[in-house]
Number of protein chains: 2
Amino acid sequence: MRRVTPRIAVGPLQPAYAVAAVEAGGGQVVNPDGKADGLIWLAPRQVDALHDALEATGARWVQLPLAGVERFHEAGLFSAGPQWTSAKGSYAEPVAEHAVMLALAGLRVLPTRITATSWGKPDGISLYDRDVVILGAGGITAELLRLLAPWRVRATVVRRRPDPVEGAAATVGLERLDEVLAPAQVVFLALALTPQTRGVIAAPQLAAMRPDAWLVNVARGPHVDTDALVAALDSGAIGGAALDVTDPEPLPDGHPLWGRANCIITPHTADTQAMVEPLLARRISTNVRRFAAGEQLEGLVDIEAGY
Amino acid sequence: MRRVTPRIAVGPLQPAYAVAAVEAGGGQVVNPDGKADGLIWLAPRQVDALHDALEATGARWVQLPLAGVERFHEAGLFSAGPQWTSAKGSYAEPVAEHAVMLALAGLRVLPTRITATSWGKPDGISLYDRDVVILGAGGITAELLRLLAPWRVRATVVRRRPDPVEGAAATVGLERLDEVLAPAQVVFLALALTPQTRGVIAAPQLAAMRPDAWLVNVARGPHVDTDALVAALDSGAIGGAALDVTDPEPLPDGHPLWGRANCIITPHTADTQAMVEPLLARRISTNVRRFAAGEQLEGLVDIEAGY
């Protein structure tokens, strides 16, 4: 029989926002080294310690702190018994905002402006009434479509299965990616990293893009073949790339992507800790309450798909 | 009796888009050195030549190519007989887009990112659910409110007369500017330049702003007291300034606003010629059609107010 007040382990540390969120959801906070019903795991890189916490707590539910959980998937954790939930969808707003900012800054040649020390010449492309392509159909894409709606963009969403997406002019399967890239002024990457989506933007895709199109990546660095991207930027095959994620990441000093007029790099900062905490807290308290009530959890990881 | 096909002088040059727009509106294009019913004047700096064209054509209506017509006002042209229309409202979309881009780029520390040659630390402020202040209540403000609506900003519009503005949480008169600045994350300048609005942002207003607020100017340089702005940026009184217009303009080489992490300068390029031509063409053909039909023209200049 389900307890009214579930014991929720929080670890490896117990920041105040997470403790408050568990309590707001009706849970009792415990340490991750003893028995617990659920486990809120806040360290995105500590896979081994999570393994230990899973064994110690015997938790039937684990909440992860990120939307992109490929690290846990690759470590084989998702084959274990508990239900897994991620933060997917909950950071959509700041990430979509960052994507819009990167697209507009690229189209309006901000690297040239910001490095100028002299008045320049008019230049720039407006986003109104343009075609855009968005890879992925999760929370970021939904929010991106909402933010871009006033610009009257015609958005084509590319996803695994071509089920229609609200607010998109068209939705197609990943196998049709190359043919839909041609008219896009901006190509946004907002999809999960899986073996199928690694390198989804490589030389053929870059060649299919408009010479004035910008590529905006707020997903994961390995979605893009970095060598092919550098070649495309060198040759002018595309207008530019604005990347919040890179491969390798962090981008090493001296890498050819630094310091270019046709490339904007932000250091994986679409969603800062300050932006994320209130959103993760909301996800945690919702899921603690649902877990206690035996209801379906938010952000359930699809174990097969790996995200 | 009004002619069915009005004679519309186009000058000083007759670019194809303007000729096509006059003809689309049902007008006959003539040169500006002989009699004409209307005059489309496309040279924003040639005030004397416009004076000559006015005399030669005897035009009863003059269409100007800009939204900001203070140069013509200051030259005393608006006291003459014809109806005057400007481009006001018609370039609102690209200018509002540029303002959104500047605000997001500032809040997300893009000058630091773009000049980096090394991976940086997370930083930045999100615009969701923030207070903003917009000075002016014309077409740019209406469009800015439309673009910002998905961000759920609480917008206070500051204008000459505090008539309510659709989409704004509050509208106040210019005399209440200082008191509404305090909570604003972004202060947008989108107002006309008149003797009353020259220097509307000076030391007291900058002091009233949040230390993390950004000032975005897409109106006219002299709205801002440049020396006071430099002092505010030096002392960290505000988060930063993103300026598409400056005073002086062009901003001279070596000016202290160049090359700062807390300042973005774009060279009066919110609306490039390529963005503007189709919008001005639409204004021209609409007004030629309305002029021929004796209907009220779009973008009528308020002779008293000077815009």
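The shown structure was predicted, so the numbers you read here are calculated from the model rather than taken from an experiment. A, B, ... follow the sequence lines: proteins, then strands. Residue 1 opens every chain.
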Q. With B:Ile238, which of B:Leu229, B:Asp212, B:Asn262 fulfils side chain to side chain contact (heavy atoms under 4.5 Å, CB included)?
A.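 Exactly one candidate clears the test, B:Leu229.
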(Q) Heavy-atom cut-off 4.5 Å, strictly under: side chain, backbone, both or neither for B:Trp119 against chain A? (A)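 Its backbone and side chain both get close to chain A.
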Output yes when a side-chain donor or acceptor of [X] lies under 3.5 Å from a complementary backbone atom of [Y], and no otherwise.
X: A:Arg130; Y: A:Arg154; result: no
X: B:Asn217; Y: B:Arg220; result: yes
X: A:Trp41; Y: A:Ala43; result: yes
X: A:Arg113; Y: B:Ile264; result: no
X: B:His223; Y: B:Leu191; result: yes
X: B:Arg283; Y: B:Ser86; result: yes

Q | Interatomic distance, A:Ile201 atom CD1 to A:Leu135 atom CG [nearest 0.5 angstrom] | A |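 Taking CD1 in A:Ile201 and CG in A:Leu135, the distance rounds to 5.5 Å.
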Need one label for [X]: side chain, backbone, both or neither, based on atoms under 4.5 Å from any heavy atom in chain B.
X: A:Leu127; result: both
X: A:Ala274; result: neither
X: A:Glu249; result: side chain

Q. Could you go step by step and tell me if B:Val224 and B:Leu189 meet the side-chain contact (heavy atoms from CB on, under 4.5 Å) rule?
A. CA-CA 9 Å; B:Val224 179; B:Leu189 304 187; 3.5 Å; yes
Winner by heavy-atom pair count (cut-off under 4.5 Å) against chain B, out of [options]:
options: A:Thr115, A:Asp123, A:Thr117; result: A:Thr117
options: A:Gly259, A:Pro150, A:Ala270; result: A:Pro150
options: A:Leu147, A:Thr266, A:Leu251; result: A:Leu147

What residue, out of [options], has the most heavy-atom pairs lying under 4.5 Å from chain A?
options: B:Glu143, B:Arg260, B:Arg146; result: B:Arg146
options: B:Thr269, B:Asp271, B:Ile265; result: B:Thr269
options: B:Cys263, B:Ala149, B:Ser126; result: B:Ser126

(Q) Determine whether A:His255 and A:Thr226 satisfy the following criterion, side-chain contact (heavy atoms from CB on, under 4.5 Å), listing intermediate values before the conclusion. (A) CA-CA 10 Å; A:His255 193 281; A:Thr226 301; 3.7 Å; yes
Does [X] reach the side chain of [Y], with side-chain heavy atoms less than 4.5 Å apart?
X: B:Leu280; Y: B:Tyr17; value: yes
X: A:Leu145; Y: A:Val165; value: yes
X: A:Leu233; Y: A:Leu257; value: yes

Q) Is a salt bridge present between B:Arg210 and B:Asp131, judged by a nitrogen-to-oxygen distance below 4.0 Å? A)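 So B:Arg210 does not pair with B:Asp131 through a salt bridge.
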(Q) With a strict 4.5 Å heavy-atom criterion, list every residue of residues 239-248 of chain B that contacts chain A, or say none. (A)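 Hits under 4.5 Å: B:Asp244, B:Thr246.
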**Q.** Contact residues of residues 93-109 of chain B (partner chain A; heavy-atom separation under 4.5 angstrom)
**A.**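 Checking residues 93-109 of chain B against chain A gives B:Glu93, B:Pro94, B:Glu97, B:His98, B:Val100, B:Met101, B:Leu104, B:Ala105, B:Arg108.
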